[in-house]
Asker: 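Below is a structure I'd like to ask you about.
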Amino acid sequence: MHDRILVFESLRSSMSSDRRKPYPFDQIEPKWQAIWDERQLFHAPNPGEKGEGYTATDIVARYKRMRGFNVLHPMGWDAFGLPAEQYAIKSGQHPAVTTRENVAKFKRQLKRIGFSYDWQREINTTDPRYYKWTQWIFLQIYNSWFNPQTKQAEPISTYGGTDPDSVRLAYVADVPVNWCPELGTVLANEEVVDGKSEVGGFPVVRRPMRQWMLRITAYAERLLDELEKLDWPEGIKLLQRNWIGRSEGAEIDFKIDKGDHEICVFTTRPDTLYGGTFLVLAPEHSLVDLIVAEEQWPAIREYRERTARKSEFERADLSKGKTGVFTGAYAINPANNERIPIWIADYVLVGYGTGAIGGVPAHDERDLEFAKKFDLPIVVVVQPADDKPAIGFTGEGIAVNSPIIDGLTSVEAKKQITAWLEERGLGKRAINYKLRDWLFSRQRYWGEPFPIIWENGKHHSLGENELPIVPPPLDDYKPTGTGEPPLAKAKEWVRYSNKAVRETNTMPQWAGSCWYYLRFCDPHNDQRFVGKEAERYWMSGPKPGSVDLYVGGTEHAVLHLLYARFWHKVLFDLGYVSKPEPFQRLVNQGIILGEDNQKMSKSRGNIVNPDDVIDQHGADAFRCYEMFMGPLEQMKPWSMRGVEGVARFLARVWRLLMTENQAGAWELSGKVKNVEPDKAQQKMLHATIKKVTQDIESFSFNTAISQMMIFVNAFTNVDTIPVSAMRSFLGLLNPFSPHIASELWEKLNAKFSDAPGDITEQRWPIYDERLLVEDEIEIVIQINGKLRDRMKMPMLATEEELESAALSNPKIQDRIAGKTVRKVIVVPKKLINIVV
RNA sequence: GCCGAUGUGGCGGAAUGGUAGACGCAACGGACUUAAAAUCCGUUGGGCCGUAACAGGCCCGUGCCGGUUCGAGUCCGGCCAUCGGCACCA
């Protein structure tokens, strides 16, 4: 699903190699892939573990199956959206065609790597049988509102107000949006990076348009709080927290000296109220029209026009300095009743807080810059604890020049003045979030149409019985460039009835991927988006999250992962799913760089094609190398030499059990015998079982492979190879390199009858801690923390024995001769440190 | 600017506060071979002393500076560098 790991691209045709293969992976890999396919071996009919991802998840899936779990390990295609459509436009074909081809290509590649997906559960977000339910979920969102009392979504029928359209979780608004002329569509804030589109890197401009929005901001508090109990990397949680951006403070009302208008400002520092020497409104603030003094109108109008033309990117450019215009109006500071000027300036954003701020130049960098530029008064009201200059001090200190809170710490002063304001009805405690509502419509062809019609300028939902709403076939599906969606070109389709027309926007790329993990539980259900039973079956347990393991890159931290949480919570509130969160455990997979340590890209020509790697070294080597490279979550460069090393390891495994006969055919080695492993072999085997088991559990796949290499090295060049040890070892190897493990297992079965059946039917090996115990152990002797000698000691030696043995050691005696031993530290089974 | 992650040999990387460099790559030497490839065996952090050559010995070493500790790659404080996120959010 998605490009959650590394997406390889086929560029070069496969290279043929006449070089003799070190072992016949080119024969055994297709053989076992066909067997797994035919027997539908990885079908998951019962509850248990579930996961999603690529090599790492395949290892976990195969491992968990061997531990007796039923594993849901599915794969699907998130094929709507900009990338798919851009690709289609470039190749001059219909996106339906390119999507089909790409899915086939990618699926073939996945099978070739030997992934054990349950293909019975394959889904495709562009399939009407799938997006019918995407549209259905949209209807649930549209027909709900967020009840602030219960803090959850409820059916719109429970809303008591007069205008339900104003509280729906899906609503239409005229908002300044990110319009990308090149792509011919609007984009969500999250899809705009440095003033350019994330897809394609085209310029984005601000432009007001009528758009569908989803009220994700209603969930800001829950999205933040409920992050707590998830097993996600702290870094990702932090990214989401920052994106949601909660800040605590107060809303304060300023009266305007003429007329009855009031301006409400949000501040996190109500304790600096006495230092407020001016107000600033965002240029777009609706009150501007009502308060501007006659003589200031021309300047204000000019400034507002100039601001409107600026892109978000230009506006955010700090290097250009502050701009602004005086409105000619004054407000009254409620703390000291001083008359302060009201300005407009584009450093105040209309979308955050109340779109207005109280300027406290002494204790806010931006206000200070503004005040200096326009010569506004600066009043110190916070005294820093140390000798720092008070002007420009933005930290916490002691309130001064503020009669009702003088002498209080900033923390106390905030409480005090907020209470004071509340008593007088001049303000109240308030919490603000940076998170904005989700811009949900796109002017594109390749997406889910909205199940919405328009009549007399009002929107209505279509009935569930009319789903799916299938887009009309369009030969020219390219964006119109005017902002009118391509679907508008299909006049027949648009005309719903004599009175009503269809909504022609489509949903964004993220819609389908917001809930696919639910569909995997019950992919063929045509009565419900997921069967009640199936959902409970797979997604219930003690923790708040649904999916047990989700492997993906950091790039989805604030997009996919936030959107999916939002949708899931709506479905949870409405009683459709049993848990409040979609993903319990999230593991980040780092990106793989090219051999030049650069991000893989066509232009750099450093793309690694798995088909080439598999042609040369086999799928098992490919899988194993990916895992051997380093820690899963780390960014790391690809190395062809490294692949060779891992391929050599697999060839050694092969030759451990197989020899070439006179005719050049591989046959089971005569060294493999039905004998008991000796003590050292036993210890090696059980140490390996222990390490590999623990390392898989902790996602340390690289060290698991190291241990298997150590095991194989230990068995190289021995005369007799106990078959039982090899059985266990193949079990450990199986999740990593299932083809060679299956084949060698089968070869053993041809001669030995100790363990019938395929390796996939085997239980994971169990280690015996007793076999790991050493009789003798090497003890390190240090003097002042420096290594001086080692000695063999019995495992059970007492501390006294260890100490006297160390002190009587000749080398140590030489060194401590003539010195006083101050202290001896004995760490049993480890070391002795003599302090002189 | 703010927040976060990372920093260990020629390279990818190992190390519950207790033998730094496991395992792999590369390099070098040897065995096998007419030869090469493949394979197998061995050496491989740096510096110095020592020896005919071995043997052996010493010192330094985990980005930099300090601290805690009997003992620090690991913990604490301060810096530097790289990467990622946010960026006039009041």
Side-chain angles (χ1 to χ4, degrees), chain A residues 19-20 22 193-194 233-243 245-247 249 265-269 272 280 282 315-318 320-322 345-349 351-360 363-367 369-370 394 432-436 554-555 557-558 588 590-591 597 624-625 628-631 633-646 648-649 651-652 655 691 700 702-713 716-717 778-790 811 822-827 829-836:
Chain A
R19 192 166 58 82
R20 216 176 141 276
V193 179
D194 286 341
E234 272 313 305
I236 298 288
K237 287 190 184 181
L238 199 69
L239 285 177
Q240 287 216 351
R241 284 197 195 104
N242 291 344
W243 190 264
R246 180 183 195 271
S247 43
V265 306
F266 173 74
T267 176
T268 54
R269 295 295 299 272
T272 63
V280 188
R315 189 168 162 168
D317 187 358
L318 289 133
K320 296 229 170 77
K322 296 275 177 290
D346 67 2
Y347 82 92
V348 176
L349 308 170
Y352 182 76
T354 60
I357 61 151
V360 185
H363 307 293
D364 182 285
E365 281 176 45
R366 299 148 300 181
D367 296 344
E369 189 192 342
F370 191 74
T394 57
N432 250 300
Y433 296 94
K434 263 163 69 179
L435 184 69
R436 311 291 164 88
T554 333
E555 68 274 18
V558 293
N588 279 142
I591 60 166
N597 238 309
C624 240
Y625 176 65
F628 185 64
M629 290 169 80
E633 64 285 358
Q634 217 168 79
M635 185 193 289
K636 56 228 156 191
W638 187 267
S639 155
M640 262 328 183
R641 299 281 194 171
V643 188
E644 283 170 32
V646 171
R648 268 204 286 271
F649 159 65
R652 282 160 72 95
R655 288 194 314 269
K691 178 96 177 119
S700 309
N702 53 332
T703 48
I705 294 169
S706 294
Q707 182 62 37
M708 289 192 283
M709 288 173 169
I710 292 169
F711 177 91
V712 170
N713 291 346
T716 304
N717 292 332
E778 194 180 65
I779 302 288
V780 165
I781 311 175
Q782 296 179 338
I783 296 177
N784 292 340
K786 283 187 181 169
L787 173 73
R788 291 307 175 198
D789 203 9
R790 306 147 208 261
K811 280 189 195 167
R822 293 174 196 280
K823 202 172 172 185
V824 179
I825 287 135
V826 180
V827 183
K829 297 174 196 172
K830 276 259 160 69
L831 59 73
I832 296 147
N833 188 14
I834 299 163
V835 186
V836 292

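Chain letters run A, B, ... following the sequence lines, proteins first and then strands; every chain starts at 1.
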Asker: Is A:Phe649 touching bases, backbone alone, or none of the nucleic acid, heavy atoms closer than 4.0 Å?
Answerer: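 A:Phe649: no heavy atom of the nucleic acid under 4.0 Å.
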Asker: Under 4.0 Å between any heavy atoms, over every strand shown, what does A:Val348 touch: base, sugar-phosphate, or nothing? Just pick one.
Answerer: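 Base contact.
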Asker: Which is true for A:Val780 with a 4.0 Å heavy-atom rule: it touches a base, it touches only sugar-phosphate, or it touches nothing?
Answerer: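 Counting heavy atoms under 4.0 Å across all strands, the contact made by A:Val780 includes a base.
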Asker: Counting heavy atoms from C-beta on, name the nucleotide in B:rA22, B:rC3, B:rA90 closest to the side chain of A:Ser706.
Answerer: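 Looking only at side-chain atoms, A:Ser706 lies closest to B:rA22.
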Asker: Please report, rounded to the nearest Å, how far the P atom of B:rA22 is from the CD1 atom of A:Ile705.
Answerer: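 About 18 Å, once rounded to whole Å.
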Asker: Between B:rA14, B:rC88, B:rC40, which nucleotide gets closest to the side-chain atoms of A:Tyr347?
Answerer: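 Between B:rA14, B:rC88, B:rC40, the one nearest the side chain of A:Tyr347 would be B:rC88.
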Asker: Counting side-chain heavy atoms from CB outward, which of B:rG24, B:rA14, B:rC41 is closest to A:Pro631?
Answerer: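 The answer is B:rA14.
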Asker: For a quick test of reading the model: is some side-chain N or O of A:Asn713 closer than 4.0 Å to OP1 or OP2 of B:rG24?
Answerer: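 For A:Asn713, the contact criterion (side-chain N or O under 4.0 Å from OP1 or OP2 of B:rG24) is met.
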Asker: Using atom C1' in both nucleotides, what's the gap between B:rG18 and B:rC75 to the nearest angstrom?
Answerer: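 Roughly 14 Å separates the two C1' atoms.
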Asker: I need the CD1-C1' distance between A:Ile834 and B:rG18, as an integer number of Å.
Answerer: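 About 14 Å, once rounded to whole Å.
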Asker: Base, sugar-phosphate alone, or nothing: which one does A:Leu831 contact when heavy atoms must sit under 4.0 Å apart?
Answerer: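 Base, at least one base atom sits under 4.0 Å.
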Asker: In whole angstrom, give me the gap between the C1' atoms of B:rG57 and B:rG50.
Answerer: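 Between the two C1' atoms, the distance is 8 Å.
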Asker: How many angstroms lie between CG in A:Asn588 and OG1 in A:Thr554, if you round to the nearest 0.5 Å?
Answerer: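 One gets 4.5 Å once the value is rounded to the nearest 0.5 Å.
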Asker: Using atom C1' in both nucleotides, what's the gap between B:rG7 and B:rU74 to the nearest angstrom?
Answerer: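 Taking atom C1' in both B:rG7 and B:rU74, they lie 14 Å apart.
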Asker: Take atom NZ of A:Lys823 and atom C1' of B:rC70, then tell me their distance rounded to the nearest Å.
Answerer: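 One finds 5 Å between C1' of B:rC70 and NZ of A:Lys823, rounded.
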Asker: Distance to the ring centre below 6.0 angstrom and angle to the axis at most 45 degrees; does that hold for A:Lys322 and A:Tyr347?
Answerer: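 Verdict for A:Tyr347: a cation-pi partner in A:Lys322.
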Asker: Out of B:rG71, B:rG4, B:rC40, which has the shortest distance to the side chain of A:Thr716?
Answerer: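 The answer is B:rC40, which lies nearest to the side chain.
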Asker: Using a 3.5 Å distance criterion without hydrogens, assess whether the side chain of A:Lys636 forms a donor-acceptor pair with backbone atoms of A:Asn597.
Answerer: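 Checked: no pair found.
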Asker: Using a 4.0 Å heavy-atom cut-off across all strands, classify A:Thr554 as base, sugar-phosphate, or nothing.
Answerer: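 A:Thr554: no heavy atom of the nucleic acid under 4.0 Å.
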Asker: Could you measure between the two P atoms, the one in B:rU68 and the one in B:rG42, and give it in whole Å?
Answerer: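 Per the computed distance, 45 Å lies between those P atoms.
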Asker: Can you check whether A:Arg652 has a side-chain N or O nearer than 4.0 Å to OP1 or OP2 of B:rG24?
Answerer: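 No.
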Asker: Quick one: which of B:rC70, B:rC83, B:rG4 gets closest to the side chain of A:Met635?
Answerer: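 My answer, after comparing the listed nucleotides, is B:rC83.
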Asker: To the nearest angstrom, how far is A:Arg641 atom CZ from B:rG24 atom P?
Answerer: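 To the nearest whole Å, that distance equals 17 Å.
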Asker: Consider the side chain of A:Leu238, meaning its heavy atoms from C-beta on, and name the nucleotide among B:rC3, B:rG18, B:rA15 that approaches it most closely.
Answerer: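 Nearest listed nucleotide: B:rC3.
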Asker: Is A:Arg788 near enough to B:rC59 that one of its side-chain N or O atoms lies under 4.0 angstrom from OP1 or OP2?
Answerer: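 Answer yes for this pair, as a side-chain N or O of A:Arg788 is under 4.0 Å from OP1 or OP2.
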Asker: Mark yes or no for whether A:Arg315, through its side chain, and A:Asp346, through its backbone, hold a donor-acceptor pair below 3.5 Å.
Answerer: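 Looks like yes, one N/O pair under 3.5 Å.
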Asker: May I ask you to decide if A:Thr394's main-chain N or O and A:Asp364's side chain share a donor-acceptor pair within less than 3.5 Å?
Answerer: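 No, the answer is negative, given that no donor and acceptor are paired below the 3.5 Å cut-off.
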Asker: Should stems be defined as at least three consecutive Watson-Crick or G-U pairs with both distances under 3.5 angstrom, which of them involve RNA chain B?
Answerer: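 In RNA chain B, stems of three or more pairs: B:1-7 with B:80-86, B:10-12 with B:23-25, B:27-31 with B:39-43, B:45-49 with B:56-60, B:63-67 with B:75-79.
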Asker: Output yes when at least one side-chain N/O atom of A:Lys786 is less than 4.0 Å from OP1 or OP2 of B:rG61, else no.
Answerer: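 Indeed not, no polar side-chain atom of A:Lys786 lies that close.
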Asker: Looking for any heavy atom pair under 4.0 Å, which part of the strands does A:Arg436 touch: base, sugar-phosphate only, or nothing?
Answerer: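 Touches a base.
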Asker: Base, sugar-phosphate or nothing for A:Gln782? Non-hydrogen atoms, less than 4.0 Å.
Answerer: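 If one applies the 4.0 Å heavy-atom cut-off, A:Gln782 turns out to touch a base.
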Asker: Does CD in A:Glu778 sit with more than 12 non-hydrogen atoms of other residues, nucleotides or ligands closer than 6.0 Å?
Answerer: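 Count over threshold, so yes.
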Asker: B:rG24 C1' sits how many Å from A:Gln707 CD, rounded?
Answerer: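 Computing the A:Gln707:CD to B:rG24:C1' distance gives 14 Å.
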Asker: Need one value for A:Lys811: base, sugar-phosphate or nothing, where a base atom within 4.0 Å counts as base even if backbone is also close, heavy atoms only.
Answerer: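 A:Lys811: backbone/sugar contact only, no base atoms under 4.0 Å.
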Asker: Quick one: does any side-chain atom of A:Asn702 pair with a main-chain N or O of A:Phe628 as donor and acceptor, under 3.5 Å?
Answerer: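 Not at all, since once roles are kept as given, no pair shorter than 3.5 Å links the two residues.
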Asker: Please determine if a side-chain N or O atom of A:Asn702 lies less than 4.0 Å away from the OP1 or OP2 oxygen of B:rG24.
Answerer: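 So the side chain of A:Asn702 is outside the cut-off, no N or O lying under 4.0 Å from OP1 or OP2 of B:rG24.
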Asker: How is A:Gly353 classified with respect to the nucleic acid when contacts are heavy atoms under 4.0 Å: base, sugar-phosphate, or nothing?
Answerer: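 No contact.
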Asker: Among B:rC41, B:rG18, B:rA22, which is the nearest nucleotide to the side chain of A:Ile710?
Answerer: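 Nearest nucleotide to the side chain: B:rA22.
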Asker: If you check every side-chain atom of A:Asn717, which of B:rC3, B:rG12, B:rC41 has the closest atom?
Answerer: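 For A:Asn717, the side-chain atoms sit closest to B:rC41.
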Asker: Between C1' on B:rA90 and CZ on A:Arg315, what's the gap in Å once rounded to a whole number?
Answerer: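 About 14 Å, once rounded to whole Å.
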Asker: Quick one: is A:Lys636 getting a side-chain N or O under 4.0 Å of the B:rG12 phosphate, OP1 or OP2?
Answerer: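 Answer no for this pair, as no side-chain N or O of A:Lys636 is under 4.0 Å from OP1 or OP2.
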Asker: How is A:Arg655 classified with respect to the nucleic acid when contacts are heavy atoms under 4.0 Å: base, sugar-phosphate, or nothing?
Answerer: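 Sugar-phosphate, no base atom in range.
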Asker: Sticking with atom P, work out how far B:rG61 lies from B:rA55, rounded to a whole angstrom.
Answerer: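 Those two atoms are separated by 26 Å.
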Asker: I'd like the C1' distance from B:rA15 over to B:rA72, given in whole Å.
Answerer: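 Each nucleotide's C1' atom is 13 Å from the other's.
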Asker: Closer than 3.5 angstrom, by distance alone: can the side chain of A:Asn833 be matched with the main-chain N or O of A:Gly785 as a donor-acceptor pair?
Answerer: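 Yes, A:Asn833 side chain to A:Gly785 backbone: donor-acceptor pair under 3.5 Å.
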Asker: Please classify the glycosidic conformation of B:rG84 as syn (within 90° of 0) or anti (everything else).
Answerer: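 That one's anti.
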Asker: Ignoring hydrogens and geometry, is there a side-chain-to-backbone donor-acceptor pair from A:Gln240 to A:Ala557 under 3.5 Å?
Answerer: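 Flag set: sc A:Gln240 to bb A:Ala557 pair under 3.5 Å.
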Asker: Identify whether any heavy atom of A:Leu239 sits under 4.0 Å from a base atom; if not, whether one sits that close to sugar-phosphate; answer base, sugar-phosphate or nothing.
Answerer: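 Sugar-phosphate, no base atom in range.
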Asker: Is the side chain of A:Arg269 donor-acceptor paired with the backbone N or O of A:Thr267 at a distance under 3.5 Å, no angle test?
Answerer: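 Flag not set: sc A:Arg269 to bb A:Thr267 has no pair under 3.5 Å.
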Asker: Find the distance A:Glu633:CD to B:rU6:P and express it as a whole number of Å.
Answerer: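 For the pair A:Glu633 CD and B:rU6 P, the rounded distance is 9 Å.
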Asker: Using the C1' atom as the reference point in each nucleotide, state the distance between B:rA14 and B:rU62 in Å, no decimals.
Answerer: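 Between the two C1' atoms, the distance is 12 Å.
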Asker: Using a 4.0 Å heavy-atom cut-off, does A:Glu778 contact any base of the nucleic acid, only the sugar-phosphate backbone, or nothing at all?
Answerer: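 If one applies the 4.0 Å heavy-atom cut-off, A:Glu778 turns out to touch a base.
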Asker: Taking atom P of B:rG18 as reference, at what distance in whole Å does atom CG of A:Asn833 sit?
Answerer: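 About 13 Å, once rounded to whole Å.
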Asker: Could you grab the distance from atom NZ of A:Lys691 to atom OG1 of A:Thr703, nearest 0.5 Å is fine?
Answerer: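 Going from NZ on A:Lys691 over to OG1 on A:Thr703, the span is 4.0 Å.
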Asker: If only side-chain N and O atoms of A:Arg241 are considered, is one of them under 4.0 Å from the OP1 or OP2 phosphate oxygen of B:rG85?
Answerer: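 So the side chain of A:Arg241 is outside the cut-off, no N or O lying under 4.0 Å from OP1 or OP2 of B:rG85.
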Asker: Remember a base hit wins even if backbone is also touched, and classify A:Ser639 as base, sugar-phosphate or nothing at under 4.0 Å, heavy atoms.
Answerer: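 Nothing: the residue A:Ser639, judged by heavy atoms under 4.0 Å, touches no strand.
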Asker: Is there a donor and acceptor pair, one atom on the side chain of A:Lys434 and one on the base of B:rC86, closer than 3.5 Å?
Answerer: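 No pair found.
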Asker: Say you pick atom P in B:rC88 and the same atom in B:rG1; how far apart are they, in whole Å?
Answerer: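 Between the two P atoms, the distance is 15 Å.
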Asker: Could you work out which one of B:rA20, B:rG24, B:rC41 sits closest to the side chain of A:Leu787?
Answerer: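 So the side chain of A:Leu787 is nearest to B:rA20.
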Asker: About how many Å separate CZ of A:Arg788 and CD1 of A:Ile783, when rounded to the nearest 0.5 Å?
Answerer: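 Between A:Ile783 CD1 and A:Arg788 CZ, I get 6.5 Å after rounding to 0.5 Å.
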